[in-house]
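Below: one structure, written as structure tokens.
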4 protein chains.
Amino acid sequence: MVDRQDNGRPRSRRLPRAVRERQILDAAVEVFATRGFHTASMDEIAEVAGISKPMLYAYLGAKDELFVACIRREANRLIDAISVAVEAGLSPAEQLWRGLRVFFEYVSRNQAGWAVLHRQVNQGEPSVSELVEWRQRATSVIAALLAQATEESAQPMQPEQTEPFAVALVGACESLVEWWFQHPEHTADGMAMRLMNMVWMGFSDLVEGRSWTPDQ
Amino acid sequence: MVDRQDNGRPRSRRLPRAVRERQILDAAVEVFATRGFHTASMDEIAEVAGISKPMLYAYLGAKDELFVACIRREANRLIDAISVAVEAGLSPAEQLWRGLRVFFEYVSRNQAGWAVLHRQVNQGEPSVSELVEWRQRATSVIAALLAQATEESAQPMQPEQTEPFAVALVGACESLVEWWFQHPEHTADGMAMRLMNMVWMGFSDLVEGRSWTPDQ
Amino acid sequence: MVDRQDNGRPRSRRLPRAVRERQILDAAVEVFATRGFHTASMDEIAEVAGISKPMLYAYLGAKDELFVACIRREANRLIDAISVAVEAGLSPAEQLWRGLRVFFEYVSRNQAGWAVLHRQVNQGEPSVSELVEWRQRATSVIAALLAQATEESAQPMQPEQTEPFAVALVGACESLVEWWFQHPEHTADGMAMRLMNMVWMGFSDLVEGRSWTPDQ
Amino acid sequence: MVDRQDNGRPRSRRLPRAVRERQILDAAVEVFATRGFHTASMDEIAEVAGISKPMLYAYLGAKDELFVACIRREANRLIDAISVAVEAGLSPAEQLWRGLRVFFEYVSRNQAGWAVLHRQVNQGEPSVSELVEWRQRATSVIAALLAQATEESAQPMQPEQTEPFAVALVGACESLVEWWFQHPEHTADGMAMRLMNMVWMGFSDLVEGRSWTPDQ
DNA sequence: TATGAATGAGGTTTCATTCAT
DNA sequence: TATGAATGAAACCTCATTCAT
């Protein structure tokens, strides 16, 4: 005996809190990804989530907070996925390689989630800090990895010194992801390898004393 | 007898069209840079420009179009500045080096202009295409440069093959600029050198046959 | 095996109706007094009362009705307190004096209740009538008292004639209470005496034929 | 040649700022008086004013500010009207008498304005302070008048001492106004005289040493 | 009985855009 | 040409109220 008055949508009612919350976050991520933060409207999110606006507000707060919740979830998911792949005992190169591979794989399977983490917020928004923070987290991890890779070299580097390299790597990643989405014929491994070849090789050269200088 | 012609305000009237347009664009770039595209209001732009809103619309059209005009001007300025520095006869490495140096110098002197070109538009905006396009232009130039650098090597590459490297380089640049703004103790040359050391060295390795492979 | 009957919260269940109702009214009076009728939310009242909103509605109806119930209870309490003090056999002056004293005492001990009776409702609300009505009741009693005081004078007055005096007295009371709350150094007796001296003396003068006239 | 497209309303367009502002205030006072602060909607005010909501906001700000503007205007009007009548050289009694007369006259001619000044705001509103302030102003004036009246008596009083009397008088006035609106057969002079007889006589008794004491 | 979950309706506010002078 | 004045449309958010368990 199906519920009457159903007008086609299987909008389930009276769900437990956790389920609804996930439902809402899914909808919000989808809408934010498609429309961008500003252009997205709470009306549309509520509709996609299959609930009314008051519920939307009751569960996850105002638009800003909802957006922050999206970022938080997606950032955690991404970082968790990578953490699982990067085992502690491995060499830095191996760790970086695995991390990159998983990153590209994850991103291609979860494009909406990635869109929320990337290029969403203009200056002046209250939610920028959350985006900045997760990016900082990612950068720090990589900077630490790079520093560790120099430990046994002639000139060990501190994370403060490797930070700009990490920053550049993160930027290159972001940029390449966008390019990849338009050239889907490449594989995740291929993308990761590209980055290893470019950034890691250049970094190794530097560590080993081979560096580029102008006019020579 | 109402006052005409001059009521004390320095707001000049009856300027030639080109001057007015520049005035408006200056104001618009400033406001867009500070507030971001969405948060910027036409009211504020008109006020900063020292004209009334109807004039604003008459000169440069609706908000989208105005924003596109800003991007176009700033992108052209940036690319022009770089073009001047990159002389045709030089080696690819030298060209890239000069280009990067000028890029960082230009950006630090014109932060508002750069802010308009970077991280301003979320998906779903009509003006995204303009941003994508200028980024594409920059990428193409670099890709061509990289291709040219391989011409005399064992395995010459086509621009299509060097494109992902160019994309990564652009991303790394963008990312580093942001980092630089928070670490202003570094010089433009230092920033450019960092990138050369990382990307160019890695690229050279690759061209010369040294590449990174997993499992080793 | 779900926990029943007691989950740790002191929120008691299954109380007899009268107790519950008092609990709710206490909460409602407190919230209405603090926030005012409009700004008060049923959510907060339910929370303060320690019950769920559906129960709130089941026991005392919609917001308007709940508010009316509050007024009714507080008005009755106040009037009861005064009635006890005013014994029938006394002289009008003595009755008035006792009534005022008890009024000020009561009000200072029950500020929340007083706040509900005073300055809560703007015109246009459905619950105004209840407020008007209790005020009318108070006025009538005083008017009768004043009339009775004139019975043995040269010109006995009907309650219709003493009514404006009663109205003024009520207004003066309300106004003085507010002033008193900001000057708590005075005693209830002092406040009552002030009113007796002002209103009763003036009234006595009038009854005894001494009246103020302009142009003199 | 009447403007075309007129759909019946004589809504005049493109008025100078001052005129529009008065128009809006008139409408706002009317609506606030009828509905009360909370129940009044900006929609209705805009409609009554014959303008669109954005204009409403552009001219006088948010609802709070608009309400404050109403209070300020009405309070000033009332106080101005009274100030004109109360000439400086007169005796305190004469001044009070004239002030009261004008007060009642004014209020009866401007009931909406009075409603805005009286019983509009519940605790907790941001605009209370404005109401409190104007009431305070009125009280101070009266307190000073009463103090002045005692100057030549045996026991001159300071305004701090006469303040509670002033407070009571203000409350009596407010209360009587409401009663008067329901008994319009009385005249303004009659109302003022009632107050003089009650409050002034009582006060005079007190000043001259005749006071009421319990148990006697 | 008691409640967590849900919503319809309505409020305030802002902004891009355009008349009418 | 140049603008003060004006608005339609839509955004976010809250609240009193009621199902369905």
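Keep in mind that what you see is a predicted model, and the values were worked out from it rather than measured. Convention: sequence-line order gives letters A, B, ...; per-chain numbering from 1.
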Length of the line joining [X]:[atom1] and [N]:[atom2], which is rounded to integer Å:
X	N	atom1	atom2	answer
D/L15	F/dT3	CG	P	22 Å
B/H38	F/dA10	NE2	P	15 Å
B/E47	E/dC15	CD	P	13 Å
A/K53	F/dC12	NZ	C1'	7 Å
D/L56	F/dA5	CG	P	16 Å
D/I51	F/dG8	CD1	C1'	15 Å
C/D43	E/dA6	CG	P	15 Å
B/E44	E/dT14	CD	P	14 Å

### Message
I'd like to know whether A/E44 forms a side chain to side chain contact (heavy atoms under 4.5 Å, CB included) with A/V48, so could you lay out the CA-CA distance, the side-chain angles of the two residues, the decisive distance to 0.1 Å, and finally the verdict.
### Response
CA-CA 6 Å; A/E44 182 173 357; A/V48 170; 4.2 Å; yes
Nucleotide nearest [X] (side chain, heavy atoms from C-beta), chosen from [options]:
X	options	result
B/K63	E/dA2, E/dA16, F/dA6	E/dA16
A/P54	E/dT17, E/dG8, F/dC13	E/dG8
D/S41	E/dG11, E/dA6, E/dC15	E/dG11

### Task
May I ask you to check if A/R20 and A/Y59 form a cation-pi contact, with NZ or CZ under 6.0 angstrom from the six-membered ring centre and within 45° of the axis?
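No.
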### Message
Less than 6.0 angstrom from the centroid, inside 45 degrees of the normal: does C/K63 satisfy that with respect to the ring of C/F37?
### Response
yes
### Query
F/dC12 pairs with which nucleotide, Watson-Crick or G-U wobble, both distances below 3.5 Å?
E/dG11
### Task
Scan every strand shown for a Watson-Crick or G-U wobble partner of E/dA20, both distances under 3.5 Å, and answer none if you come up empty.
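Per the H-bond distance test, F/dT3.
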What contact category does [X] fall into here, base, sugar-phosphate, or nothing, at under 4.0 angstrom with non-hydrogen atoms?
X	value
C/M55	base
B/A40	sugar-phosphate
D/A62	sugar-phosphate

### Query
Are any non-hydrogen side-chain atoms of A/R73 and A/V29 less than 4.5 angstrom apart?
yes
### Upstream residue (5' side of DNA chain F) when D/A58 and C/G61 are each assigned their closest nucleotide
D/A58
### Residue whose nearest DNA chain F nucleotide is more 5′ - D/Y59 or A/Y57
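Closer to the 5' end of DNA chain F: D/Y59.
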### Parallel, tilted or perpendicular, as decided by the 30° and 60° cut-offs, for the rings of C/F67 and C/F32
perpendicular
### Query
How do D/M42 and A/P16 order along DNA chain E: which one's closest nucleotide is nearer the 5' end?
A/P16
### Query
Hey, does the side chain of D/R20 come within less than 4.0 Å of F/dA6's phosphate (OP1/OP2), counting only N and O?
yes
